[in-house]
Q: 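Got a structure here, written out as structure tokens. Questions coming.
Just so you know, ligand 1 is whichever comes first in the structure, and atom 1 is the first atom listed for that ligand. Position 1 is the first residue of the sequence, and the numbers go up from there. Worth knowing before you read on, the calculation uses all heavy atoms, side chains too, and leaves out hydrogens, waters and symmetry mates.
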Amino acid sequence: MAPINADVVNGGKDSTPPKTTLPEVDTETNGNKRYSYETLVETANFLLSRTAVRPLIGVICGSGMGSYWNEGALAENIIDGQCIPYEEIPNFPTSTVEGHHGRLVFGHLNDIPVVAMQGRFHYYEGYPLWKCCLPVRVMKLLGVRTLIATNAAGGLNPNFKIGDLMIVKDHINMMGFAGNNPLHGPNDERFGPRFPPMNKAYNYEFRKIAKEVAKELNIQDIVREGVYTCLGGPNFETVAEINMLKMVGVDAVGMSTVHEVITARHCDMNVFGLSLITNECVTSYEHEAEANHEEVLDVGRMRQDILRKFVSKLVVKFAHTLTRDSP
Ligand SMILES: O=P(O)(O)O[C@@H]1C[C@H](O)[C@@H](CO)O1
């Protein structure tokens, strides 16, 4: 048998080389050797030594939704913008998904100190859930008090249209039903309690503010509210899976966010979740359409201006809420 050529893609049918090379997973521990609190303090200290920004608000950009942190937009919106690629950050994973840049952006948005993850980590990339959520704990150590987690998601609610924004009211932790949880394993009380409550996961005040801001921006017709769930991916769902999710009250399905929110709530961060509905989930076998990542990225591009305006205003309002609540 001829030696295998690693550069030949898809049995030679496709000559395009892969866009990224996946990082190797530590098979001995199945990637599960966790970093200690002290190790994450080292990561946070490294970042604090690289930037003078002391962020209050952290933003996680969903698939195709981070373009408003790109250079041109950065210059327009962010003062003192500073980008630190994930490869340079000790103990950080690297981003392997198209539409996820792979860097932290520090700066001031309307005078509010922020850090944005331009690219998140997904379970399907091969990272265990605790590692997907490591940046959330690092944000906490940097002083971040509020997390804005955005994502691209498929719409199940028949009233949702492509391009709608869904304020996340709650989530269903489907992966948690199977015992996969970012808090699984020994608990370090310095982050939070062993058994954190989750019934107030998505801050009520923030959701109210977001609806008011939607009206101010005259985008209330495309802003919805609903329940999100995350499946492990990377495949999109079957018709039967979508119909089951609908039955249990899911409005939008994606491949992220839930575990990040659990991690953030565990360490007492305030959370706001926002889904961009990038596709309609297929609920019938007669339906011709198939979900695809290109469409997801296209809708992100289509909505980038609205997202920029919406998130920028929310950052300011949320920061003022924090100041008001401060002792
Ligand atoms: O990072 P998010 O949750 O926005 O990404 C969604 C889920 C998959 O990564 C990808 C599918 O197109 O978009």
Side-chain angles (χ1 to χ4, degrees), residues 19-20 22 58-69 86 92-105 116-129 131-136 147-156 160 162-168 171-175 180 182 202 226-238 241-242 245 250-264 271-282 289-304 306-308 310-311:
K19 292 199 178 67
T20 49
L22 276 175
V59 182
I60 303 180
C61 303
S63 281
M65 296 170 72
S67 51
Y68 51 96
W69 305 92
Y86 293 158
F92 243 61
T94 48
S95 217
T96 66
V97 188
E98 202 187 331
H100 287 264
H101 243 79
R103 62 190 191 176
L104 287 183
V105 182
M117 278 184 77
Q118 219 186 7
R120 62 149 55 88
F121 309 113
H122 304 85
Y123 186 70
Y124 63 75
E125 292 175 77
Y127 299 119
L129 288 184
K131 209 174 217 176
C132 294
C133 304
L134 175 153
V136 174
L147 179 71
I148 301 181
T150 69
N151 58 63
L156 282 85
F160 290 1
I162 291 176
D164 281 354
L165 300 175
M166 185 189 85
I167 296 168
V168 183
H171 70 225
I172 296 180
N173 181 11
M174 284 286 172
M175 294 172 75
N180 197 357
Y202 298 84
V227 174
Y228 173 90
T229 198
C230 159
L231 302 183
N235 58 286
F236 293 102
E237 299 71 32
T238 66
E241 284 162 354
I242 290 297
L245 293 177
V250 171
D251 294 295
V253 57
M255 303 179 196
S256 65
T257 306
V258 168
H259 34 279
E260 296 160 349
V261 171
I262 291 171
T263 305
V271 171
F272 178 74
L274 187 69
S275 299
L276 172 64
I277 306 301
T278 54
N279 54 289
E280 260 178 53
C281 292
V282 175
E290 283 182 316
N292 67 85
H293 190 56
E294 259 321 302
E295 179 185 21
V296 169
L297 299 181
D298 283 347
V299 178
R301 279 187 279 272
M302 173 183 105
R303 280 290 185 238
Q304 64 180 352
I306 284 178
L307 278 165
R308 178 175 53 76
F310 195 40
V311 173

Q: Quick test: of every protein heavy atom, which one is nearest to atom 1 (O) of ligand 1, and how far off is it to 0.1 Å?
A: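 Answer, as residue, atom name and distance: H122 NE2, 2.7 Å.
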
Q: Any idea which part of N151 is under 4.0 Å from ligand 1, heavy-atom wise: side chain, backbone, both or neither?
A: both

Q: Within the 4.5 Å heavy-atom criterion, are V299 and N279 side-chain neighbours or not?
A: no

Q: Check ligand 1 against G62 and write out every atom of the ligand that is under 4.0 Å from a heavy-atom position of the residue.
A: 4 (O)

Q: Report yes if the side chains of V296 and H293 come closer than 4.5 Å at any heavy-atom pair, otherwise no.
A: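 Yes, at least one pair of side-chain atoms sits under 4.5 Å.
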
Q: With a cut-off of 4.0 Å, which atoms of ligand 1 are near a heavy atom of R120?
A: 1 (O), 2 (P), 3 (O), 4 (O)

Q: Please state which protein non-hydrogen atom is closest to atom 11 (C) of ligand 1 and give its distance, to 0.1 Å?
A: H293 ND1, 3.4 Å

Q: Under 30°, 30 to 60°, or over 60°: which ring-plane class applies to Y127 and F121, parallel, tilted or perpendicular?
A: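 It falls in the perpendicular class, over 60°.
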
Q: Below 3.5 Å, N or O to N or O, backbone or side chain included: is there any such pair between Y228 and ligand 1?
A: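 Checking ligand 1 against Y228, no N or O pair falls under 3.5 Å apart.
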
Q: Could you walk me through whether Y202 and H171 pass the side-chain contact (heavy atoms from CB on, under 4.5 Å) test, one step at a time?
A: CA-CA 9 Å; Y202 298 84; H171 70 225; 2.8 Å; yes

Q: For ligand 1, which is the ligand I care about here, please tell me if S63 has any N or O atom under 3.5 Å from one of the ligand's N or O atoms.
A: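 Yes.
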
Q: Using the side-chain contact (heavy atoms from CB on, under 4.5 Å) rule, pick out the option among V168, I60, L165, V59 that qualifies with L274.
A: L165

Q: Tell me whether V97 has any N or O atom under 3.5 angstrom from an N or O of ligand 1.
A: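 N/O-N/O distance under 3.5 Å: no.
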
Q: For atom 3 (O) of ligand 1, what is the closest protein heavy atom, and at what distance to 0.1 Å?
A: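 Here the closest protein heavy atom is S256 OG, 2.6 Å.
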
Q: Name the residue from S63, S256, S275 that meets the side-chain hydrogen bond (donor to acceptor under 3.5 Å, both in side chains) definition with N151.
A: S275

Q: Any idea which atoms of ligand 1 are less than 4.0 Å away from a heavy-atom of M255?
A: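 Result: 7 (C), 8 (C).
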
Q: Any idea which protein heavy atom is nearest atom 9 (O) of ligand 1, and the distance to it?
A: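 Going by distance alone, atom 9 (O) of ligand 1 is nearest to Y124 OH, 2.5 Å.
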
Q: What are the atoms of ligand 1, with element, lying closer than 4.0 Å to any heavy atom of V296?
A: 12 (O), 13 (O)

Q: Which pair of heavy atoms, one from R303 and one from G163, lies closest together, and at what distance?
A: NE-O, 2.6 Å

Q: Under a 4.5 Å cut-off applied to non-hydrogen side-chain atoms, are N235 and Y124 in contact?
A: no

